[in-house]
J.: 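Below is the structure I would like to discuss, written out as structure tokens.
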Amino acid sequence: MNPHKVVCPCRKVTKGDIAQAVAQGAQSYKEVKALTKAGSSCGKCKAKVKKLIKKLRSADLETGAS
């Protein structure tokens, strides 16, 4: 995963920003949005953000992280 790839162009939120939010305990789109502001402008990235959260959370479960 390229942590510098922008997922939310309106707010310039990267994959790394979202990964950091998930690492800090955010488990839902709403929680990630609160921490990163991803999707809070036009909302076009909402599906991408949700998909990335799901991917990151499943990877955490596989490795045993919480």
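We use all heavy atoms of the structure for the numbers below, so side chains are in, but hydrogens, waters and symmetry mates are not. In this text, all values refer to a predicted model and were calculated from it rather than measured experimentally.
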J.: What's the shortest heavy-atom distance between Lys37 and Ala34, and which atoms?
T.: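 What the structure gives for the nearest pair is NZ-O, 3.4 Å.
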J.: Out of curiosity, does Val32 fall in the hydrophobic cluster containing Leu35 (side-chain heavy atoms, cut-off under 4.5 Å, transitive links)?
T.: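 Looking at the clustering, Val32 is in a separate group from Leu35.
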J.: Please list all pairs meeting side chain to side chain donor-acceptor pair (under 3.5 Å) that have one or both residues in residues 15-26, counting only residues at least two apart or in different chains.
T.: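 Residue pairs passing side chain to side chain donor-acceptor pair (under 3.5 Å), neighbours aside: Thr14-Asp17.
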J.: Which donor-acceptor pairs under 3.5 Å do side chains of residues 48-58 form with protein atoms, sequence neighbours excluded?
T.:
from  : atom 1 : to    : atom 2 : distance (Å)
Arg57 : NH2    : Gln27 : OE1    : 3.1
Ser58 : OG     : Lys54 : O      : 3.3
Ser58 : OG     : Lys55 : O      : 3.0

J.: Which atom pairs, donor and acceptor, lie under 3.5 Å between side-chain atoms of residues 4-11 and protein residues at least two apart or in another chain?
T.:
from  : atom 1 : to    : atom 2 : distance (Å)
Arg11 : NE     : Ser40 : OG     : 3.2

J.: Which residues pass the side-chain hydrogen bond (donor to acceptor under 3.5 Å, both in side chains) test with Thr36, not counting sequence neighbours?
T.: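 Partners of Thr36 by the side-chain hydrogen bond (donor to acceptor under 3.5 Å, both in side chains) criterion come out as none, since no residue qualifies.
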J.: Please identify each residue that fulfils side-chain hydrogen bond (donor to acceptor under 3.5 Å, both in side chains) with Ser41, with sequence neighbours left out.
T.: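 Here no residue qualifies.
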